[in-house]
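Throughout, numbering of the chain's residues begins at 1 and tracks the sequence.
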Amino acid sequence: MLCTCTNAGKGPIRCVFIELLSVENGSAKCIFNIVNKFLQDNMLDIHRLIAIATDGASVMVGHKTSVLARFQESMPHILGVHCIAHRQALVAKDGFVTYPYVYAFVDKVAKKVYSWLGKSSKRHDELWKIMTEYDIVDMRALQIHLVRWLSRGQVMERLVNIMPAILMQWQRSEKKWYKNITIFSVQFMIHFLADVLKKLNKLNMEFQRHEIDVTTIGAMIDLTVEKLRRRYIDVDAHNFGLNSPCLSSFLKMARDSMLSYEDANGNLHKHALRLESIPMDAKIGSLEECICMANIYVKNILESLDRRFEDLSIYNTFKIFSPSSYPSNIADRERMTHEWLNRIINRLNIDTHMIDICKCMNEREDFVGMLCRVAEHKSMHDAWKACIDTDSWWDLYPEMMKVWQIALVIPASTSTCERGFSRQNFIKSTSRSSLGLDTLDALMLLSIDARGIHHIDWEDVFDMWTSAKKRRAMPLD
């Protein structure tokens with residue numbers, strides 16, 4: 001995937017699929033040689049390469065012999081970006097380091113529900129009947145997919161939705177697992193994780209947007225941190241989890257160590273909760289212990305966010321191109337934009353052959369003042385769209401416009417590439433596993449970037465097909 005400014009650098013930003021590259025092995029040397037050859041074959045000036053976004057694997061971003069290090073040997077200005085979506089997924093996983101056995105057991109329970117449903121269509125039908133009795137009509141509740149921990153927030157949320165039906169079924173046919181799932185701490189953690197991981201998953205979905213405005217990354221993280229602190233950190237035990245949809249409703253139900261669910265007919269079904277420790281852990285059992293464990297989990301997440309997003313200040317500096325981020329006071333605006341530009345120059349290690357830094361600093365004051373008037377309250381991307389059609393911007397502030405181009409094309413995530421891999425897996429399925437690389441490449445290009453079917457002139461397609469080679473007319477009868 002290539003993120004670039006169209007129209008010779010003066011048009012809208014576009015992230016496009018170029019080509020599938022075949023590699024002999026996954027070594028850094030092999031990947032570097034293939035990518036470097038691709039750039040040369042397509043006559044792409046490697047010295048205009050600004051940044052490389054990766055999933056954080058050591059082969060890509062290692063200090064000495066990685067792909068990034070090999071590019072930086074000849075071009076030290078190239079920036080390595082660890083995908084923000086990958087980093088945020090790792091944050092969700094970092095929360096489990098303190099009590100690994102507890103979370104492993106909760107995960108085991110969720111997997112049991114998945115396997116129990118998947119092994120029998122009869123059970124699936126029976127569970128669906130019970131769900132209709134409890135007025136649970138969301139079909140997605142039965143679609144439990146166990147993937148990385150962040151996506152398991154959806155798993156936990158759906159597990160909470162079908163909990164009344166699961167408890168009734170397991171009470172009849174799965175005595176051992178009914179005993180496990182009615183442990184108070186297990187139910188507490190299922191409802192707690194449903195809320196917390198749902199909040200983190202919402203943040204991750206924002207990070208996976210096709211054209212994310214990097215100046216908003218810090219604000220989105222700050223909002224998530226604020227909500228987590230307000231619900232789980234800066235509260236006493238009586239208000240813990242207040243306003244958390246799943247956990248707060250569970251704590252209200254479980255005051256008498258009993259889960260009570262009312263079906264559509266008004267009948268009340270009760271399930272006693274047992275205050276005992278989770279298997280493999282002899283400490284966690286009471287409400288106070290569960291709250292302490294959940295509190296530590298959230299603290300681990302907040303610490304991980306600070307640690308894994310150390311480069312957040314780089315993205316914040318691009319607010320110089322976002323009038324919506326300007327302070328209302330003129331003196332504050334001058335001071336902040338001056339600081340932002342200094343940080344950009346120092347942190348990005350801008351190639352002096354591409355940009356004249358002295359001219360850039362001199363253009364800053366007038367550039368900011370004009371941008372504030374022309375694109376007031378606009379984001380970085382919207383302000384770019386408002387300015388690119390006017391040649392005077394390029395004539396008056398050429399160096400600032402070049403820095404703006406750099407800010408726009410720095411990739412914050414690899415989500416677009418990941419979507420390409422998903423599309424590849426959909427195209428090259430088990431029934432079409434013998435597709436050649438060229439065919440797969442063409443199909444992916446059609447799937448990702450092709451025009452809609454209503455834009456195709458089928459008469460032209462037919463003419464191209466008939467003129468491709470001599471074809472003998474076959475009689476219709």
Side-chain angles (χ1 to χ4, degrees), residues 3-13 45 47-51 75-81 211-222 309-412:
C3 186
T4 182
C5 288
T6 58
N7 191 23
K10 298 183 179 181
I13 305 303
D45 187 359
H47 293 91
R48 297 180 67 85
L49 184 61
I50 302 299
M75 295 165 292
H77 68 274
I78 291 181
L79 181 68
V81 179
E211 289 184 358
I212 182 172
D213 186 344
V214 295
T215 62
T216 64
I217 295 175
M220 288 188 286
I221 292 178
D222 290 342
F309 286 87
E310 292 179 344
D311 58 348
L312 198 59
S313 59
I314 296 178
Y315 297 121
N316 288 335
T317 60
F318 295 144
K319 290 180 180 179
I320 192 173
F321 303 110
S322 175
S324 61
S325 303
Y326 290 171
S328 56
N329 182 274
I330 297 178
D332 290 339
R333 186 179 70 203
E334 288 297 308
R335 177 178 56 83
M336 290 301 299
T337 55
H338 184 267
E339 290 180 6
W340 287 336
L341 185 56
N342 276 329
R343 289 181 194 170
I344 290 175
I345 293 172
N346 294 331
R347 294 294 299 273
L348 293 187
N349 191 24
I350 292 177
D351 187 357
T352 54
H353 296 290
M354 293 174 57
I355 297 174
D356 189 321
I357 295 176
C358 291
K359 287 184 178 180
C360 186
M361 297 295 291
N362 293 333
E363 292 173 3
R364 193 256 328 156
E365 183 177 355
D366 291 345
F367 173 84
V368 170
M370 184 61 70
L371 188 63
C372 184
R373 290 165 174 77
V374 172
E376 187 177 7
H377 304 307
K378 290 184 181 293
S379 66
M380 181 171 68
H381 286 272
D382 291 337
W384 174 261
K385 294 175 183 177
C387 298
I388 56 176
D389 293 331
T390 307
D391 291 336
S392 60
W393 284 92
W394 302 94
D395 297 333
L396 295 173
Y397 320 109
E399 306 305 316
M400 284 298 297
M401 293 300 285
K402 291 177 185 177
V403 178
W404 199 352
Q405 286 177 322
I406 293 175
L408 288 167
V409 299
I410 288 180

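Under the side-chain hydrogen bond (donor to acceptor under 3.5 Å, both in side chains) criterion, Asp366 pairs with no residue at all, not counting sequence neighbours. For Ser313, the side chain to side chain contact (heavy atoms under 4.5 Å, CB included) criterion is met by Arg347, not counting sequence neighbours. His338 is linked by a side chain to side chain contact (heavy atoms under 4.5 Å, CB included) to Asn342, Met361, Arg364, counting only residues two or more places apart in sequence or in another chain. Every residue meeting the side chain to side chain contact (heavy atoms under 4.5 Å, CB included) condition with Asp332, not counting sequence neighbours, appears here in chain and number order: Pro327, Asn329, Arg335. Residues meeting the side chain to side chain contact (heavy atoms under 4.5 Å, CB included) test with Asp222, sequence neighbours left out: none.
Asp213 and Thr216 are not linked by any side-chain donor-acceptor pair at a separation below 3.5 angstrom, with hydrogens and angles left out of the test. A donor-acceptor contact under 3.5 angstrom links the side chains of Ser322 and Ser324, judged on distance only.
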Name every donor-acceptor pair, under 3.5 Å, that has one atom in a side chain of residues 395-403 and the other anywhere in the protein, sequence neighbours excluded.
from   : atom 1 : to     : atom 2 : distance (Å)
Glu399 : OE1    : Asp356 : N      : 2.9
Lys402 : NZ     : Met354 : O      : 3.4

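Note that CZ of Phe318 and CD1 of Ile406 are 8.0 Å apart. Values are rounded to the nearest 0.5 Å. Atoms NZ and OG, on Lys319 and Ser379 in that order, are 13.0 Å from each other to the nearest 0.5 Å. Going from atom OH of Tyr315 over to atom CD1 of Ile221 covers 10.0 Å, rounded to the nearest 0.5 Å. Considering NE2 of His77 and CD1 of Ile50, their distance stands at 5.5 Å, rounded to 0.5 Å. Atom CG of Leu341 and atom SG of Cys360 lie 4.5 Å apart (nearest 0.5 Å). With rounding to the nearest 0.5 Å, the separation of CD1 in Ile212 from CD1 in Ile217 is 4.5 Å.
In terms of heavy-atom proximity, Pro323 sits nearest to His377 at CB-N, 4.0 Å. Scanning all heavy atoms of the two residues, the minimum distance from Ile320 to Thr337 falls at CD1-O, 3.4 Å. Residues Ala51 and Ile78 approach most closely at CA-CG2, 4.3 Å, considering heavy atoms. Residue Leu371 comes nearest to Ala383 through the heavy atom pair CD1-CB, 4.2 Å, listed as atom of the first residue, atom of the second, then distance. Contact detail for Thr317 and Trp340: the closest heavy-atom pair is O-CB, 3.5 Å. When all heavy atoms of Ala412 and Val81 are compared, the closest pair comes out as O-CG1, 3.9 Å.
Under the 4.5 Å side-chain criterion, counting only non-hydrogen atoms from C-beta, Val374 is in contact with Trp393.
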Pair Arg343-Asn316, side-chain contact (heavy atoms from CB on, under 4.5 Å): steps then yes or no: CA-CA 10 Å; Arg343 289 181 194 170; Asn316 288 335; 5.5 Å; no
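Between Phe321 and Trp404, the two ring planes are parallel [angle under 30°; tilted spans 30° to 60°].
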